[in-house]
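Working notes for the structure below.
Ligands are counted one by one from 1 in listed order, and the atoms in each one are counted from 1 as well. Nothing fancy with the numbering, it's 1 onward along the sequence.
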Amino acid sequence: MAVVQDAYEKHGLGRTTNPDSYFLSFPDLPRSRIIALPARVETPDSTDLAGIKWIGSFPQNVEHGIPRASAVLVLNDMTTGYPFALLEASGISAARTAASAAVTARAVATTLPPDGRLGVIGAGVIARAVVDYLLAVDYGCTTVLVHDPDPDSATHLVRHASAAGVAARTASLREVLDCQTVVTATTALEPYIDRGPEAGQLYLNISLRDFVPQALAGAQNVLDDVDHCLKANTSPHLLEQLLGHRGFVTGTIPELLAGKLCLSPDRGVVVSPFGLGLLDLAVGHWVYTHAEAGGGALPVPDFFGDLRRW
Ligand SMILES: NC(=O)c1ccc[n+]([C@@H]2O[C@H](COP(=O)([O-])OP(=O)(O)OC[C@H]3O[C@@H](n4cnc5c(N)ncnc54)[C@H](O)[C@@H]3O)[C@@H](O)[C@H]2O)c1
C-alpha cells in the first residue's frame, strides 16, 4: 500500500509516464481481450524503472475453474533499456488494485466514515483481494454482504470473509447497494445499476462498467487519471458522452491522497480507478527486490546471447 500510495503521489506530481493502455480484442471472442499497459515510474527506493504489463482477460476461464486474468510484467532498466525481470503478474495486478482501493477508501473515510457494512458486487479474485486489503487496513468492516449471480462464487467469498472473522452473507443487489461502502468487481460489459451513492456512501467502481451513466451524475466522482478513465466505455466515459463535458469529475486519487481534494459529506462518492500500469511496475519492482533479497528470483544466464556488439 505504501508503494501504491507513493506511485500515485508521483503521478500527481507529473513525474511518471503512463500512456494509454492498448486493448487487443478479438471479433470472434467479444468478451475476451489482452491489454498492454506500458509505463515509467520512479520507485520508493529511487529506481528509475520502465516496463509493461501484458494482461489477458478471458472471462470464460471461470467456467473451467481457472482465474479470468493471467499476466506477465516486464521490468526494463532505464540505463540500457534492457529488460531485467519477468514476473507473473496477475497476483501483482490484484494486489495493486486492492491496495489502491484500500488507500483510497481510507482517505475518503476521513469525510465519509465507514459504518461497518461493506457490500460486494461480483465475487471473484479482485473482490477477494479488495476484502482482504480493506480488512488489513482496519477499515472497519464488521458485515460483508455479497451479490453475484453465480451462487458458487458468492458462497466462496462469504466463506472467505467469514473465515477472516466478519459476519458475511449473500444478499440482493438492492441490499448490497445500501451498504455504506460498496465494491463493484464484476465482469459486466453493459451497465445495469441505475442508482448512485446516497450522502455518506462510498462506491468503489473497480469494474468500471456496472453503473448507468446517470447514476453517477449526482455523486462526487474521483478518478485515478481523468484522461485514462474517460475512455473505453467506462460509466464515467458514458456520462461524459451524455453530458458533453467533464464537469462531473470532482478530482483524482492522487489529489485525494495528497490532501488537495476536499470531499463533501453531503453527497456520495464514486471512485473509478481505470488501473494505471505504473502501479503494476512499482509493486512488481517491490516483489522483484524482495525475491532477489530472499533468493526467490530465478536467474536465466545467457538470456541475451551475445552481449558484445562486435
Ligand atoms: N480498475 C482496475 O484497476 C481493475 C483491475 C483489475 C481488475 N479489474 C476488473 O475487475 C473485474 C473483476 O475481475 P475478477 O478477476 O475478480 O473476475 P472474476 O471473473 O474472477 O469475477 C467476476 C465475478 O463477477 C460476477 N458477475 C458478472 N456479472 C455480474 C453482475 N451483473 N452482477 C454481479 N456479479 C456479476 C461473475 O459471476 C464473477 O463471479 C473485471 O471486470 C476486471 O476487469 C479492474
Could you label the plane-to-plane angle of the F274 and H228 rings as parallel, tilted or perpendicular, counting under 30° as parallel and over 60° as perpendicular?
-> tilted
Quick check: does S93 get an N/O under 3.5 Å from an N/O on ligand 1?
-> no
Tell me, do V222 and V270 make a side-chain contact under 4.5 Å, heavy atoms counted?
-> no
Quick check: does I126 get an N/O under 3.5 Å from an N/O on ligand 1?
-> yes
M1 vs V137 side-chain heavy atoms within contact, under 4.5 Å = yes
Is the closest heavy atom of R96 to ligand 1 under 4.0 Å?
-> yes
Y288 and L86, any side-chain heavy atoms less than 4.5 Å apart = no
Have a look at P149, A123, A69 and point out the one with the heavy atom closest to atom 33 (C) of ligand 1.
-> P149
With heavy atoms and a 4.0 Å threshold, my read on which part of T97 contacts ligand 1 is side chain
Any nitrogen or oxygen of V125, main chain or side chain, under 3.5 Å from a nitrogen or oxygen of ligand 1?
-> yes
Nearest heavy atom to atom 39 (O) of ligand 1, choosing from L189, L208, D148, belongs to D148
Can you list the ligand 1 atoms lying under 4.0 Å from a non-hydrogen atom of V62?
-> 19 (O)
Reference residue T16; test side-chain hydrogen bond (donor to acceptor under 3.5 Å, both in side chains); the match among R40, K10, H11 = H11
Would one find an N or O of I206, backbone or side chain, under 3.5 Å from an N or O of ligand 1?
-> yes
Quick one: are L24 and W54 in side-chain contact, heavy atoms under 4.5 Å?
-> yes
Answer yes or no for R33: is there a heavy-atom contact with ligand 1 below 4.0 Å?
-> yes
With only distance considered, is S207 within less than 3.5 Å of ligand 1 through an N or O on each side?
-> no
Is P273 close to ligand 1, meaning an N/O of one under 3.5 Å from an N/O of the other?
-> yes
Any N or O of T186 closer than 3.5 Å to N or O of ligand 1 | yes
For Y192, atoms of ligand 1 separated by under 4.0 Å from a heavy atom | 30 (C), 31 (N), 32 (N)
Could you tell me whether the side chain of N18 reaches within less than 4.5 Å of the side chain of D225, counting heavy atoms only?
-> no
